[in-house]
Amino acid sequence: MNIVVVIKQVPDLVEELELNDTGTDLDREWLKFKVNEFDDHALEAALLIKDAQGANVTVVALDNGLDIDKALYAAAAKGADRVVKVTGDFEGYVSSHAAAKALGAVIPSLGADLVLTGVQAVDDRDGQLAVLLAHQLGMAHVTVVTDINVSGSAATVHKEYGGGMIGEFNVQFPAVLGIQAAAETPRYVPVAKVRRAMKDTNIDEISADAAGVDAGTEVQKMYKPETGSGAEMLSGSAEDIASRIVEIIRGKGV
Amino acid sequence: MVYVIVEHIKGQIEDITFEMLGKAKTMGSGVTAVLLGDGVDTLTGQLGAADAVLLCQDPNLANFNPEAFCKTLASILNGKNDDIIMVGNTSMGMEIGPGLSAALGMPLISYVTDLSDTSVTSALYGGKMSVQSGVSGGYIASVMAGSFSADDGNISGSPGVETVSAPDLSNTKVRFTRLIEPEGGDVDITQHDVLVSVGRGIQNEDNLEVVQELADKLSAALSCSRPIVDNKWLSKSRQVGKSGLKVKPKVYIAVGISGAPEHIEGMKDAECIIAINTDENAPIFDYAHYGTTEDLFDVVPAICERL
Ligand SMILES: Cc1cc2nc3c(=O)[nH]c(=O)nc-3n(C[C@H](O)[C@H](O)[C@H](O)COP(=O)(O)OP(=O)(O)OC[C@H]3O[C@@H](n4cnc5c(N)ncnc54)[C@H](O)[C@@H]3O)c2cc1C
Ligand SMILES: Nc1ncnc2c1ncn2[C@@H]1O[C@H](COP(=O)(O)O)[C@@H](O)[C@H]1O
């Protein structure tokens, strides 16, 4: 079977986020990017299927003009059979609707039985990609998936609800699944192996465009949420702070 | 008109529905609740906050099914492109919002914390940024749980019910097979007065000792954010948040937790929240009562010494 995993980079939230001059987007120039953590889970889910019963895993990303090559090489080092970069006008923020259009144009040529995306990304203002992409591709969809059990041309999947409750579904291929968590912690790949992959792997390039498609609404402003009712910040040495915290806890009668 | 998609599971209407109904009522253009299911007509009596109910019943809608629900809603809401559709930014809503947006060609705005006829606010970047989107005309809002008061929309009463029929759902490629209840864990974190809650800031499994000691000294239970469970360092029964449990302890000590919206959903109603996080911009400080940017590996042992 053929599995296509779509990945993207998102700003690393560990870093300070600065706004651009117009206050409508992040200042992307100095931002540090990393692969969306749920995409790591999506790739892991694909590789687990490959390990268990064999599958051809293709990893696809839009060319965002950043370090996407490195992410694709890392995917190859982990076990992806083919890595594809979709070239076109995809620098800066790409809406989920536009990404769905572009990826929807490319994925049919990759012959996917199963398309896996991360469940969401921290920047997807116009909704999560998995379902939009399924619509573009005319495929079935289930998102917030934590478990996949493939059998023939269908899979039994677990979709997580609140409180740890799970809905179990049987999904006929071809389908798009939005992955919340793989059954195993995403595998680690040593740098040496990524370096080797950089030598041995060819990144295929396919062009696509999403002209005329956007989120359908304009960003008026982006801002750090007011911390009006925010916390009283404790100051002093770690010892002083610890003493205050003990006082606060004791003050609650516990 | 504002259409509110009713979310229910096991015969219970979820709070997110009442939260949306309460907000929708204040928007002044009339509220229609859209209820899909099978044998759910008895639930309409709880939808008194709405002016009307659109009820669609079909055996294929007895349990949530992404395909059946999207297809049915697309057929019921077809032509409502100038109206506002509200759906929860929940596991179910994350299928319905994008599904309807694609099917009806309506704009979709996600992670919504506030909305009106002209602008919509979303929480993006793990809660570190708010984004205001301009809107004119109809749109779909995927609303974050906890953004509005459930009490405002939890009104019994009998709005007029219009029954609509479902499209043909006999051949869906997605079939519901069963609902799996969570396994009971070793502790029930919803029953504890004090929770020491640990996040990715703890770095590795061995370091859990640090917070375990604090929990022991306080006779508290250890709870956690999602990545700790995904890493299999603690059991699912200890997860607080959207896909974990909602907790309301007297004291909630968040250690190395950023405060992503999905985590906040589960703990923001705690009586006293104390956050320990080295990032002064961490959203957890917007919800905490007390905070410190001291390193957890300094401050937690120091607290233990004093107990
Ligand atoms: C559908 C869905 C459902 C979800 N459900 C849940 C849920 O139920 N519960 C949940 O928690 N998440 C949930 N998530 C995940 C959520 O989006 C976040 O990814 C998660 O909450 C982040 O966990 P964290 O705060 O531990 O990690 P991070 O966001 O990585 O934060 C770690 C924090 O630790 C701080 N830190 C690092 N080192 C130190 C130190 N030495 N001392 C002090 N502080 C330090 C950092 O500054 C950082 O703020 C869900 C996501 C999705 C898509
Ligand atoms: N521009 C993109 N290129 C490739 N994959 C994407 C893109 N946008 C979204 N995805 C995939 O969809 C997931 C969810 O993204 P989003 O819909 O933006 O929340 C991401 O983590 C990726 O797996």
Side-chain angles (χ1 to χ4, degrees), chain A residues 11 13-14 16-17 26 120 122-128 131-132 135 140-144 156 158-172 175 180-181 185 215-225 227 230-234 238-239 241-243 245-246 248-249 252 254, chain B residues 9 64 66-67 91 94-95 97-99 101-102 107-110 119 122 124-126 128-135 142 173-182 193-194 230-232 236 242-245 250-251 272 274-275 281 285-286 288-292 294 298-299 302-303 306-307:
Chain A
L13 298 182
V14 169
E16 176 129 8
L17 304 180
L26 298 178
Q120 70 180 40
V122 290
D123 61 353
D124 58 359
R125 185 175 63 97
D126 63 327
Q128 303 78 13
V131 177
L132 296 170
H135 209 267
H141 57 84
V142 181
T143 190
V144 203
T156 300
H158 285 178
K159 171 181 176 65
E160 210 174 67
Y161 298 134
M165 199 138 41
I166 285 166
E168 189 185 75
F169 297 90
N170 187 273
V171 188
Q172 265 170 264
Q180 165 88 66
T185 309
T217 58
E218 289 277 316
V219 172
Q220 288 174 329
K221 67 173 179 178
M222 188 180 288
Y223 54 98
K224 293 190 181 166
T227 54
E232 174 187 333
M233 296 304 284
L234 308 174
E239 286 72 28
I241 290 167
S243 299
I245 290 179
V246 171
I248 294 163
I249 297 170
K252 290 286 153 194
V254 295
Chain B
I9 190 161
F64 179 76
E67 186 176 350
S91 185
M94 284 163 77
E95 314 263 5
S101 175
L108 166 66
I109 304 175
S110 282
S119 87
S122 310
L124 296 190
Y125 299 102
K128 281 193 151 184
M129 285 290 166
S130 291
V131 174
Q132 189 180 309
S133 304
V135 287
S142 181
K173 291 191 286 181
V174 182
R175 279 188 308 108
F176 169 84
T177 45
R178 62 183 172 135
L179 207 56
I180 303 170
E181 301 283 345
D193 280 345
V194 186
D230 284 344
N231 284 333
K232 304 193 183 0
K236 185 84 186 169
K242 187 195 202 77
S243 47
L245 294 164
K250 282 195 181 139
V251 178
C272 176
I274 303 171
N281 292 315
F285 293 127
D286 298 345
H289 302 91
Y290 301 94
T292 171
E294 275 305 309
D298 295 328
V299 79
I303 299 172
R306 280 162 181 75
L307 289 169

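In the text below, chain A, chain B and the rest are named by the order of the sequence lines, each starting its count at 1. Model, not experiment: these values are computed from the prediction.
With sequence neighbours left out, the ring-ring contact (aromatic ring centres under 6.0 Å, His included) criterion links B:F64 to B:F69. Under the rule for a side chain to side chain donor-acceptor pair (under 3.5 Å), A:E218 has no partner lying at least two apart in sequence or in another chain.
Here the straight-line distance linking atom CE of B:M94 with atom OG1 of A:T143 works out to 5.0 Å at 0.5 Å rounding. Atom CG of B:D298 is separated from atom OG1 of B:T292 by 9.5 Å, given to the nearest 0.5 angstrom.
For the set A:G216, A:A238, A:A175, the count of heavy-atom pairs under 4.5 angstrom toward chain B peaks at A:A238. Between chain B and the options A:Q172, A:E16, A:H158, A:M233, the largest number of non-hydrogen pairs under 4.5 Å is found for A:M233. Most heavy-atom pairs under 4.5 Å with chain A, from the set B:G244, B:S133, B:A302: that is B:S133. Highest contact tally toward chain B, considering only A:N170, A:D126, A:V144, A:L26, is held by A:N170 [criterion: heavy-atom pairs under 4.5 Å]. For the set B:S243, B:G99, B:P107, the count of heavy-atom pairs under 4.5 angstrom toward chain A peaks at B:S243. Counting heavy-atom pairs closer than 4.5 Å to chain A, the top residue among B:P98, B:G291, B:S142 is B:G291. When each of B:S110, B:A275, B:G97, B:C272 is checked for heavy-atom pairs under 4.5 Å with chain A, B:S110 comes out on top. Listed options A:T156, A:V14, A:V171, A:V142 were ranked by heavy-atom pairs under 4.5 angstrom with chain B; first place goes to A:V142. Heavy-atom pairs under 4.5 Å with chain B peak, among A:P11, A:G167, A:S243, at A:S243. For the set B:K236, B:K250, B:R175, the entry with the most heavy-atom pairs within less than 4.5 Å of chain A is B:R175. With chain A as the partner, the residue from B:E67, B:K173, B:K128, B:E181 showing the most heavy-atom pairs under 4.5 Å is B:K173. Considering only heavy-atom pairs separated by less than 4.5 Å from chain B, the leading option among A:A181, A:G127, A:G163, A:A140 is A:G163.
The two atoms that bring B:T177 and A:F169 nearest to each other are OG1-N, 3.6 Å, heavy atoms only. Scanning both residues, A:A215 and A:R125, for their nearest heavy atoms gives CB-NH2, 3.5 Å.
At a 4.5 Å heavy-atom cutoff, the contact between B:Q132 and chain A is made by backbone and side-chain atoms alike. Contacts of B:I109 with chain A are made by both backbone and side-chain atoms, with heavy-atom separations under 4.5 Å. B:V299 touches chain A through backbone and side chain together, each having a heavy atom under 4.5 Å away. The contact between B:N231 and chain A is made by backbone and side chain atoms together, counting heavy-atom distances below 4.5 Å. For A:L13, the parts lying near chain B are the backbone and the side chain together; criterion is any non-hydrogen pair under 4.5 Å. At a 4.5 Å heavy-atom cutoff, the contact between B:V194 and chain A is made by side-chain atoms alone.
Between A:V246 and B:I303, the closest side-chain pair of non-hydrogen atoms falls below 4.5 Å. Residues B:L307 and A:I249 are not in side-chain contact: their nearest non-hydrogen atoms beyond the backbone lie 4.5 Å or more apart. Put simply, the side chain of A:H141 does not reach to within 4.5 Å of the side chain of A:H135, judged on heavy atoms.
The side-chain tip of A:K221 points at the ring of A:Y223 from less than 6.0 angstrom away and within 45° of straight on.
In the model, B:S91 has a side-chain atom that pairs as donor or acceptor with a side-chain atom of A:K159 under 3.5 Å.
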